[in-house]
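Bear in mind that the values here come from a model prediction, so they are computed numbers and not experimental data.
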Amino acid sequence: PFVVEKIATRMRASDLSLADERTQGLSFLVNVTSGDAGIFSPDGLPRVEPSGDLLFCLATDQFGQATLSIQLQDDGGRANGGSDLSKEVTLRVTVLPVNQQPVFAMVDHLAVCAGTGAAEFPGFARNVTAGTILLDGLDSEEEQVMSFLVAILGNGSSVFSEAPQINETTGDMAFALAGGQHGTVVLTIILADDGGTDNGGANASSPHHLQIHVYDSLVSATVTITHAASVNFSAAEVSGAFARALAHPSILASASIVHAAPNATILSLTLYGVSSEQSQ
């Protein structure tokens, strides 16, 4: 919880001259009288301890203002016109907005043929969001403007005739390859928003790294996988297992089952042009 020390001091039941009230018990009454009580968590509503310290817990991803009414009450009752409450003191609590870190998801390997030219990968960046912070049940960051920052590491720029770009709305990535180039290029990709960094906010995602493997051509191969007769594989299961077994799974362009026997499955593969050792 947040603790504001000694918000109240010199607490007593009445004037010091009234000796008979010195033993009365004291407690604080705290109420939210205006503003947004939702900035506080349900189990962390403001309270003032006997020490005079104010304690409260904030709700997750909420900001705004709330006005508190604070009174000190004794246990002497109100008989014969007595008063057991102090005058009301008001306190405003302001919770400032903090820009949440934008986030997205993506694969970390891609493969293309050198002769591809212009290439596009629809939905490359997924779950793109500026960061969720709620105000009155609405996402207050959904209007932020986002953009992807793509940096090509090393001398990899020579592989492209048009540098990679990512559409922040669709997540599509597009680039164009220069002729006669192949190899592996590493990109660093960051999602940024325009929410700023005030109050400790974050306007950039954690960096993601992408390896783009540019191969010379496509080659075909046929693989026979033997297995127990009782096992039935789907095309997705077999191709997935084969992809995981490769040193570079991204070289697998496509895979399909061409024949399924009781104890063997024949798989037709299309691989990006790799060394003869890898394609055997």
Output, in order, the C-alpha distance, side-chain angles, deciding distance and verdict of side-chain hydrogen bond (donor to acceptor under 3.5 Å, both in side chains) for Ser69 and Glu88.
CA-CA 6 Å; Ser69 165; Glu88 179 184 72; 2.5 Å; yes
Between Asp84 and Gln73, does any side-chain donor sit less than 3.5 Å from a side-chain acceptor?
yes
So if you build clusters from Ile, Leu, Val, Met, Phe, Trp, Tyr with side-chain heavy-atom gaps below 4.5 Å, do Ile152 and Leu110 land together?
yes
Separation between CG of Asp53 and CZ of Phe2, rounded to the nearest 0.5 Å
15.0 Å
If hydrophobic clusters are built by linking Ile, Leu, Val, Met, Phe, Trp and Tyr wherever their side-chain heavy atoms come under 4.5 Å apart, do Tyr215 and Val186 end up in the same one?
no
Quick check: does any side chain N or O of Asn127 sit under 3.5 Å from a backbone N or O of Ala105, one acting as donor and the other as acceptor?
no
Answer yes or no: is there a side-chain heavy-atom contact under 4.5 Å between Arg12 and Leu72?
no
To the closest 0.5 Å, what do you measure between CG (Leu187) and CD1 (Ile166)?
8.0 Å
Taking the side chain from Asp108 and the backbone from Leu210, do they hold a donor-acceptor pair closer than 3.5 Å?
no
Rounded to the nearest 0.5 Å, how far apart are CG of Leu68 and CZ of Phe56?
8.0 Å
What closest approach, in Å, do Asn99 and Asp193 show between heavy atoms, and which atom pair accounts for it?
ND2-OD1, 2.9 Å
Please state whether the rings of His109 and His213 are parallel, tilted or perpendicular, taking 30° and 60° as the class boundaries.
parallel
Counting only heavy atoms not in Arg126, do more than 12 sit closer than 6.0 Å to its CZ atom?
yes
For Ser86 and Gln71, does a side-chain donor sit closer than 3.5 Å to a side-chain acceptor?
no
So if you build clusters from Ile, Leu, Val, Met, Phe, Trp, Tyr with side-chain heavy-atom gaps below 4.5 Å, do Ile70 and Leu29 land together?
no
Say whether Met146 and Val150 are linked into one hydrophobic cluster, either directly or through other cluster members, by side-chain heavy-atom distances under 4.5 angstrom.
yes
Under the 3.5 angstrom rule, does the side chain of Asp74 hit a backbone N or O of Leu26 as a donor-acceptor pair?
no
Within a strict 4.5 Å, meaning less than it, do heavy atoms of the Phe124 and Met106 side chains meet?
yes
Heavy-atom nearest pair, Val103 first then Leu191, reads O-CD2, 3.5 Å
So, the side chain of Asn31 versus the backbone of Thr33: is there a donor-acceptor pair under 3.5 Å, distance only?
no
Inter-residue atom distance Phe104.CZ - Ile189.CD1, 0.5 Å rounding:
6.0 Å
Can you tell me how far the OG1 atom of Thr188 sits from the NE2 atom of His209, to the nearest 0.5 Å?
4.5 Å
Treating Asn199 as the side-chain partner and Gly201 as the backbone partner, does any N or O pair qualify as donor plus acceptor under 3.5 Å?
no
Check this for me: His208, atom NE2, are more than 12 non-hydrogen atoms of other residues, nucleotides or ligands nearer than 6.0 Å?
yes
Polar side-chain atom of Glu162 near backbone of Phe160 as donor-acceptor pair, under 3.5 Å:
no
Is the closest side-chain heavy-atom distance between Val4 and Leu91 below 4.5 Å?
no
Do Met11 and Pro50 come within less than 4.5 Å of each other through their side chains, counting heavy atoms only?
no
Cluster check Leu45, Val30: I/L/V/M/F/W/Y, side chain < 4.5 angstrom:
yes
I want to check something: taking the side chain as every heavy atom from C-beta on, are Gln181 and Val214 in contact at a cut-off of under 4.5 Å?
no
Roughly how far, to the nearest 0.5 Å, is CZ of Phe40 from CG of Leu58?
7.0 Å
Phe63 and Val95 have their tightest heavy-atom pair at CB-O, 3.2 Å
Looking at Leu177 and Cys113, what are the two nearest heavy atoms and their distance?
CD1-O, 3.3 Å
Answer yes or no: is there a donor N or O on one side and an acceptor on the other, between the side chain of Glu141 and the main chain of Gln100, under 3.5 Å?
yes
Nearest atoms (heavy-atom pairs only) where Ala66 meets Asp36:
CB-O, 3.6 Å
Minimal non-hydrogen separation, Phe148 against Ala125, with atom names
CZ-CB, 3.7 Å
